[in-house]
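Input: a single structure, listed below in structure tokens.
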Amino acid sequence: MGKETNLKPVGQRLAQQRKKKKMSYEELSEKTGLKVEHLNNIESGKDFAPVGDILKISRALTIDPNILLKQGNDIQKEQKKKRVKDFEKRAESYNYTVLTPDSKSKHLRAFRVTIPTGLEHPKVSYQHEGEELVYVLKGEVEITVGQKKNHLKKDETFHFNSGIKHSLKNPGKTESILIVIIYSP
């Protein structure tokens, strides 16, 4: 029963913010990668909203997550830890060259990513809060964001919400080289 009283205020604040932004469930679902039914259930207090979902929702609504959480917890510390951990994972991967070595705990980081011919990029982190920009230097890449596939060739770019599950694949016959810029809140 204690959980229900905690859920209702979050759901009510979510409904208020979503309506204030004049955003439908479908649009919020598309921007967050969360199911319409789940969003509806969060608002009605039937579903628990994990912090990760709250962060995705607040990002899509362009609001501070604390508006939904109304808590004094230290989300920023956790986000900073995650940024550092993700940065270190990427730097250790043989497919990454860090272009911004002093940005380990910063919000904006850049990488040179190499994906061998015909292979999917190793899963380092396929879903992380923020935004991502991919620029193809050589070859081609298929970027799947949620259910949508995007095909890019040399000198093309793609910008997306990296809070939605995504993957990179080299469908071509030559090595793909990308510049990937990641912004994490």
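Values in this document were obtained by computation on a predicted structure and should not be read as measured data.
The backbone N or O of Lys153 lies less than 3.5 Å from a partner atom in the side chain of Glu156, making a donor-acceptor pair. A donor-acceptor pair is defined here as one N or O able to donate and one able to accept, closer than 3.5 Å; such a pair exists between the side chain of Thr100 and the backbone of Ala110. Checked by atom type and distance alone, the side chain of Asn41 never pairs as donor or acceptor with a backbone atom of Gly45 at under 3.5 Å. One N or O on the side chain of Ser162 and one on the backbone of Gly130 form a donor-acceptor pair closer than 3.5 Å. A donor-acceptor pair under 3.5 Å is formed between the side chain of Thr32 and the backbone N or O of Leu28.
No more than 12 heavy atoms of other residues, nucleotides or ligands shown are found within 6.0 angstrom of CD on Glu37. Within 6.0 Å of the CD atom in Gln147, the count of heavy atoms belonging to other residues, nucleotides or ligands does not exceed 12.
Residue Ile182 holds its CD1 atom at 5.0 Å from CZ of Phe111, rounded to the nearest 0.5 Å.
Side-chain contact annotation: Glu140 with His151, donor-acceptor N/O pair under 3.5 Å present. There is a side-chain donor-acceptor pair under 3.5 Å between Lys21 and Thr62.
In this structure, His38 and Asp47 approach most closely via the heavy-atom pair ND1-OD2, 2.8 Å. Of all non-hydrogen atoms in Val136 and Leu152, the two that sit nearest each other are CG2-CB, 3.7 Å.
Salt bridge absent: Lys169 and Glu142 never bring a charged side-chain N and a carboxylate O closer than 4.0 Å.
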Let's go through Tyr183 and Leu133 carefully: what are the C-alpha distance in whole Å and the side-chain angles of both, what is the deciding distance for side chain to side chain contact (heavy atoms under 4.5 Å, CB included) to 0.1 Å, and is it a yes or a no? CA-CA 9 Å; Tyr183 171 80; Leu133 175 80; over 6 Å; no
